Structure formats: structure tokens, C-alpha cells
Amino acid sequence: MRETRLDTARIRAARRVIDPVFLDTPLYRCEALEPGLGCAVSIKLETANPVRSFKARGTEVVASLLADQDSRAVVCASAGNLGQALAWSGRGRGLDVTVVASRFATTAKLDRIRALGATLELVDGDHEVARERAAAIAQRDGIRLVEDSLDIETCEGAATIGLELVDATPSFDAVLIALGGGALATGVGHVVKAMAPEVEVICVQPLGAPALTHSWHRRRVVTTDSTDTIADGVAGRYPIPAVLDDLLLVADDAVLVQEASIIAGMRMLLDHAGLVVEPSAALGVAAILEDRDRFAGRHVVTILCGSNVDVDAYHRWVGAAGINGS
């Protein structure tokens, strides 16, 4: 395999600086999902930690390095999950954390960022506007800018999930990974292709936020003018060229799924697994629902990447049928 920006030795080293509370998250076969999906399904539960997403694996690495360098201030743009994770990791190491987010981001995520002690600045516009503002703050104040998926620490922190997957028994045939900025997909994909190359790495993105998927298929950066999806955690418009280069090396496919399938996946995870997840975490299940024949007879792992969801919105999406059982 051609080399990505990631390094397996550094990924193994990352496990030593990540708080163990974020490591070795549950991985189990969920047989209750299988009649509706037509294949063997295991779920990797990245919501079982204090910030309810995988993002802290990366921010733990970032914060550890910053603490060692006597750099006490850091800023990031976030749709919500990265901001919570950086606030959590920074608080434990005495860092001054600023998070820039869209004022239209999920309220529960914004409230949690504040509760964790970070300074929260809201902007009018989407996540790409927040990214521009965070970069301006970093330049103005001379502080560290954490850019999710571009900063290798965010990718290699996420890649520790891949180490846990390839050590799993029994082995699996494919892994379905939510695709947003690309840290999770490139991180897990790097490890899987390096250590279990026979496993198919499939990235999943909403039809309403397709930029990185289109970029993967066309092998060049493709941007979009807007996004239209409930999966706010993966709703980017401007793929990062270096991330695309890595993704082209580790992903076997990138697919788009409809909003109705994302909602159906959330309902299934509630009804059959007892799990409340945010839309981004249901992308893998949505991909199986839209192409059952592709996965029939195979053992598939899907990473449930986050569960920070607005309760009112969740009830609107899932509805009484999902809550009471179908």
C-alpha cells in the first residue's frame, strides 16, 4: 500500500496518551438488527464515553502534545462533537480552549461545550464559516489551531479504533464508516488496510452533504455550495486535499445515502439495540438498508460515532413508531 500521512507506530503510541476512558469501547454482534438488515452486524459503540463521540481520541493526543509544549491556548471550529472533546481534553490539562461553531448547531452540543469550560463563539453561517473564523482567531492571537482531519493527531487518535477492530474475534468482512471531514475514515481505514487488507473499507455520507464522496469518486477535490442533511456532524462543503489523498489510498468505496434511510437506521438502533444515536452514527445502517444485496451473507462492522443529539429533533425524526416499537 502506498503511504498515507498516518504512521502505525504513532497510532500505537497514541493509545498511551489517550485517557483509557475513551479506549476499548464496546464491540459486539447485534443479532437483533440482523433480520432487518440481512447480514451479520457488529457495532462499535464510540458513544460510551464522557463526550459521547469518538472525537476525544484525537483531542487527547492534541492536548497531550500542547501540554508538553507549554502552549496553553487552542482554538477549533466544530459542529459540536470536536468542540466538546477538545474542551474535555483541554480542561484536564489546564488549556485555554476556544470553540467556534455555527449558531445553528445542535443546542445540546453547544450547551455541553460551555459546561466543559470552553469559550464558545458563535457565527452566522455553517461549519465552513466557523472554520474561517477559528483560523482568524488563531492567527490574531498566535495560538494553536486544531483543524479536524487535517491535523494528523485527529486522524491517528481516531485510528486507535482500527487497532481495536483488527484485534477483534471473530473477524469481519467490511467496515462501514461515517464520512465527514475524513479523520475517522482515514484513521480507521489506514489501520485496517495495513493490518487486515482483505476487509472492505466503505465510507458513507449523506446525499445532502456529498462533497468528499464526490471527491473520492472523481479523484480530485469537489466542493458544494451548501448542505442539506440532518447529519450535522458530517456536513462539510470543502474537502481538505491532503485528507482526500489519504482517503483514496484506504477506502474501497464511498457511498451516499438518503435522509429517509438515516432516520430508518436511527429507528432500528433504538428499537433493536436500545441505542439513541445522532444521525451521523446511523449512516452505516442506512447504507445496508439501501443495498441489502451487497451485504447479504457478510459480517459487517459499523462504527456508531456519536450520540449527541437534540432531544426534540430526535423525537421528530424517530417518531412514536420508533419509540414505542414497530
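Please read all numbers here as calculations on a predicted model, not as lab measurements. Basis for what follows: all heavy atoms, side chains included, without hydrogens, waters or symmetry-related copies.
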Residues that D293 engages under salt bridge (charged side-chain N to carboxylate O under 4.0 Å, His left out), provided they are two or more places apart: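 None.
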
Using the test salt bridge (charged side-chain N to carboxylate O under 4.0 Å, His left out), find all partners of R10 that sit at least two apart in sequence or belong to another chain. E156

Does any part of the side chain of [Y], heavy atoms only, come nearer than 4.5 Å to the side chain of [X], both counted from C-beta?
{"X": "H190", "Y": "T8", "value": "yes"}
{"X": "V146", "Y": "E153", "value": "no"}
{"X": "F295", "Y": "V41", "value": "no"}
{"X": "V204", "Y": "T302", "value": "no"}
{"X": "I288", "Y": "C39", "value": "yes"}
{"X": "T59", "Y": "L82", "value": "yes"}
{"X": "I11", "Y": "T160", "value": "yes"}

Measure the spacing between OG of S171 and CG of L165 and express it to the nearest 0.5 Å.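 Reported value, rounded in 0.5 Å steps: 12.0 Å.
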
In Å and rounded to the nearest 0.5 Å, what is the SG to CD1 distance from C155 to I152?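 Answer for the SG-CD1 pair, C155 versus I152, is 5.0 Å.
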
Are the side chain of K193 and the backbone of V188 linked by a donor-acceptor contact shorter than 3.5 Å? no

With sequence neighbours left out, which residue pairs that include part of residues 122-174 fulfil the ring pair (Phe, Tyr, Trp, His ring centres under 6.0 Å) condition? none

Can you tell me which residue pairs pass the side chain to side chain donor-acceptor pair (under 3.5 Å) test with a partner in residues 233-245, sequence neighbours excluded?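 Non-adjacent pairs meeting side chain to side chain donor-acceptor pair (under 3.5 Å): D126-R237.
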
What pairs meet the side chain to side chain donor-acceptor pair (under 3.5 Å) rule with one or both residues in residues 30-54, with sequence neighbours excluded? T25-K44, T25-E46, R29-E34, S42-H299, K44-E164, E46-R57, R52-N308

Residues two or more places apart in sequence or in another chain: which of them pass side chain to side chain donor-acceptor pair (under 3.5 Å) with D173? none

Taking side chain to side chain donor-acceptor pair (under 3.5 Å) as the test, write out the residues that go with R91, two or more places apart. none

Pairs satisfying salt bridge (charged side-chain N to carboxylate O under 4.0 Å, His left out), at least one member in residues 306-318, at least two apart: none

Scan residues 296-307 for pairs that pass salt bridge (charged side-chain N to carboxylate O under 4.0 Å, His left out), counting only residues two or more places apart or in two chains.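 Residue pairs passing salt bridge (charged side-chain N to carboxylate O under 4.0 Å, His left out), neighbours aside: E200-R298.
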
Could you go through residues 95-105 and list every donor-acceptor pair under 3.5 Å that involves a side-chain atom there, pairing it with any protein atom two or more places apart or in another chain?
residue: S102; atom: OG; partner: F104; partner atom: N; Å: 3.0
residue: S102; atom: OG; partner: G125; partner atom: O; Å: 2.5
residue: R103; atom: NE; partner: D124; partner atom: OD1; Å: 2.4

Joint cluster assignment, [X] & [Y], ILVMFWY side-chain distance < 4.5 Å:
{"X": "V309", "Y": "V257", "answer": "yes"}
{"X": "L6", "Y": "I240", "answer": "no"}
{"X": "I43", "Y": "L163", "answer": "no"}

In the hydrophobic clustering (ILVMFWY, side-chain contacts below 4.5 Å, transitive), which residues join L207, or is it alone? L256

State which residue, out of V166, D252, V300, I303, fulfils the side-chain contact (heavy atoms from CB on, under 4.5 Å) condition with V175.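 Of V166, D252, V300, I303, side-chain contact (heavy atoms from CB on, under 4.5 Å) with V175 is met by I303 alone.
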
Would you be so kind as to tabulate the donor-acceptor pairs closer than 3.5 Å made by side chains of residues 114-121, with sequence neighbours excluded?
residue: R114; atom: NH1; partner: D111; partner atom: OD1; Å: 3.3
residue: E121; atom: OE2; partner: R133; partner atom: NE; Å: 2.5
residue: E121; atom: OE2; partner: R133; partner atom: NH2; Å: 3.3

